[in-house]
Protein chains: 2
Amino acid sequence: MASKEVLQLLPRDRPKPIHRWVYEVLRLNIIQLHMKPGRLLSETEMADFLSVSRTPVREAFIRLAEDGLLDILPQKGSVVSLIDLDQAQEARFVRLAVEREILKEACTRNLSTFKDIEENLAWQEECGGKGAYDQLLLADNEFHRILYRICHKERVWDAIKKLDYNYDRLRVMTLPIVGQRIIGEHREILQLVKDREVDRIETLLHRHLTWEIIEQVVFEYPSEYFKAIPVNGRMAQ
Amino acid sequence: MASKEVLQLLPRDRPKPIHRWVYEVLRLNIIQLHMKPGRLLSETEMADFLSVSRTPVREAFIRLAEDGLLDILPQKGSVVSLIDLDQAQEARFVRLAVEREILKEACTRNLSTFKDIEENLAWQEECGGKGAYDQLLLADNEFHRILYRICHKERVWDAIKKLDYNYDRLRVMTLPIVGQRIIGEHREILQLVKDREVDRIETLLHRHLTWEIIEQVVFEYPSEYFKAIPVNGRMAQ
DNA sequence: TTTACACTACTACCATACAAGTATGGCAAG
DNA sequence: CTTGCCATACTTGTATGGTAGTAGTGTAAA
């Protein structure tokens, strides 16, 4: 019983080029797992579905391939990329290395107000309460972006976010399970930043960006979704 | 007297799509400053120059815009992006954070052979001796890539390299001046990794990825090349 | 002299047609 | 039944025509 695929659309700003709109729609649906890893899709299919020509779809495909979300096989077809657990782990490595420095720096800054981040936490709890985990992913990302903004390094966040779209797909898998815990950790992080407890942040960050939950949840999903097949609770090639 | 522009071409692998070739050629020439920041260019111009149609050129343009090397102004034209010093500094921040962890990990590994990296250092010295600084940039990048490979994190390098193409353009400016010093520091880094001197590596890395030289060299170039104009030895908006 | 406006020459954007490579199914020969 | 081959229906890659928006110029009116 192949569950029917329901794709989410986005509003389309008129002056913005269509190829960007197509890109954003496809990226959203791939990350939110509305399009399963391994799903075949062709330029013409998406062009028909979105009622545009092949050109902007093709341009979006090229960008998605650049992001590692799509595999383009010339003269054969295109496939939503399988989730590469090794790559996701490397993305997590980058996140850890960079975010440690970000949080360290955040502790040194005098924050006139925590209004933004408090509002964000309220939004997160609203999402968690409603079970709107797709929204929670957005709120989660926004929380971390605010931390980068505090350090005047918002563009660093934008840049490294591109590195871990694969990691995002794994977080979509885990959020329904660990969503509440994640939100609590966010509160902890904020508190430690307020109290300037630099030393305790590192261990908390490791716990926050945990890999163990992912290893467990992966088994709930078909193994065809992954490049490296999970074996005996450990990842193997 | 506008110095005549001489672009460097690349061999063209037949099975590989043309748009990738176009992308690589343009990226090379932008990073090596053969195409100056602010240079106007259009799809038709590059299509004629490279003897291809507009389609693959356009696809390459979109990727270059994604990399921050090109600004596409719809219905107006495209411009080689100005060098954003603030963004370059943020890229350096990421490099520092990640590479510190990489080198720390490299110290813990048992290396059966340093052959690759020794060969690379020989290549660097050859480049430095000949004054082939465009080659030296490649060798420099390769040196760092090898360090990542030692930690089985080569893809981390590939990913973060995309973040600092702007930083690369600045390094092209500085290499003729600091090339020899850079090579020496590479030897130092290798030695510290061999000796597992984790603590001393951090300070060396900060010295290696220095920003002060860049601040000085920037003044040798026209201010129109930069987004943030250098004022009184400090960067201003 | 200054201002308003049409005209021209560009641009990126999008749609479409064609080319070339690949997988598949059916059919015929062994 | 198995094997080889060809026709066909896909796929992505490339070229080209047309559209809409922008900038700049020259001209005519105020």
Side-chain angles (χ1 to χ4, degrees), chain A residues 5 9-27 30 35-82 224, chain B residues 5 9-27 30 35-82 224:
Chain A
E5 181 181 73
L9 291 184
L10 256 42
R12 184 177 147 187
D13 298 0
R14 269 356 238 82
K16 184 164 64 177
I18 297 182
H19 65 84
R20 284 192 48 170
W21 176 69
V22 176
Y23 167 75
E24 285 162 9
V25 168
L26 293 179
R27 187 184 61 183
I30 293 175
M35 307 178 91
K36 310 296 186 194
R39 184 202 192 283
L40 293 168
L41 69 170
S42 72
E43 297 174 357
T44 51
E45 178 201 352
M46 292 315 301
D48 292 345
F49 176 72
L50 298 173
S51 302
V52 296
S53 86
R54 265 187 61 210
T55 304
V57 171
R58 175 174 169 71
E59 289 158 355
F61 273 30
I62 291 173
R63 288 188 59 186
L64 290 166
E66 191 66 12
D67 292 339
L69 292 178
L70 190 72
D71 293 332
I72 300 176
L73 313 168
Q75 272 66 24
K76 287 210 275 282
S78 298
V79 187
V80 174
S81 72
L82 302 184
E224 311 94 72
Chain B
E5 181 181 70
L9 291 184
L10 255 44
R12 186 177 147 187
D13 298 0
R14 272 351 243 79
K16 183 164 64 177
I18 296 183
H19 65 84
R20 286 191 46 173
W21 176 70
V22 175
Y23 167 75
E24 285 161 8
V25 168
L26 293 180
R27 186 183 62 185
I30 293 175
M35 305 178 93
K36 311 297 185 193
R39 183 202 193 282
L40 294 168
L41 68 171
S42 72
E43 297 175 356
T44 51
E45 179 201 350
M46 292 315 302
D48 292 346
F49 176 72
L50 297 173
S51 302
V52 297
S53 83
R54 292 185 343 251
T55 304
V57 171
R58 175 175 168 70
E59 289 157 354
F61 273 29
I62 291 174
R63 289 188 58 188
L64 290 166
E66 190 65 14
D67 291 340
L69 293 178
L70 190 72
D71 292 333
I72 299 176
L73 312 169
Q75 273 66 24
K76 287 210 275 285
S78 298
V79 187
V80 174
S81 72
L82 302 184
E224 310 96 73

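Chain identifiers are assigned alphabetically (A, B, ...) following the order of the sequence lines, protein sequences preceding nucleic acid strands; residue numbering begins at 1 within each chain.
Among the nucleotides D:dG18, D:dG13, D:dT12, the one closest to any side-chain atom of B:Arg54 is D:dG18. Listed candidates were D:dT12, C:dA12, C:dT16. Nearest to the side chain of A:Glu43 is D:dT12.
Atom CE of A:Met35 is separated from atom CZ of A:Arg27 by 14.5 Å, given to the nearest 0.5 angstrom. In this structure, B:Asp71 CG and B:Phe61 CZ are separated by 12.0 Å, a value rounded to the nearest 0.5 Å.
Rounded to a whole Å, the NZ atom of B:Lys76 is 5 Å from the P atom of D:dA23. What separates CG of A:Asp71 from C1' of D:dT12 is a distance of 14 Å, to the nearest Å. Taking atom CD of B:Gln75 as the reference point, atom C1' of D:dG18 lies 13 Å away to the nearest angstrom. The distance from atom CE of A:Met46 to atom P of D:dT12 is 12 Å, rounded to the nearest whole Å. Here D:dT16 presents its P atom at 17 Å from CZ of B:Arg58, a figure rounded to the nearest Å. Spacing between atom CG of A:Leu40 and atom C1' of D:dA9 amounts to 15 Å, rounded to whole angstrom units. Straight-line distance from the CZ atom of B:Arg20 to the C1' atom of D:dT14: 17 Å, rounded to whole Å. The separation between A:Ile18 atom CD1 and D:dG21 atom P is 13 Å, rounded to whole Å.
Under 4.0 angstrom from either OP1 or OP2 of C:dT11 there lies at least one side-chain N or O belonging to B:Ser42. Contact between the side-chain N/O atoms of B:Ser78 and the OP1/OP2 oxygens of C:dA12 is found at a separation under 4.0 Å. Taking only side-chain nitrogens and oxygens, A:Thr44 comes nearer than 4.0 Å to OP1 or OP2 of D:dT11.
We find that A:Lys36 and A:Glu5 are not joined by a salt bridge, their nearest charged nitrogen and carboxylate oxygen being 4.0 Å or further apart. Residues A:Arg20 and A:Glu24 are paired through a salt bridge, judged by an N-O separation under 4.0 Å between the basic side chain and the carboxylate.
Residue order along DNA chain C, read from the 5' end via each residue's closest nucleotide, puts A:Thr55 first among A:Pro74 and A:Thr55.
Across all non-hydrogen atoms, the minimal contact from B:His19 to B:Ala60 is O-CB, 3.8 Å.
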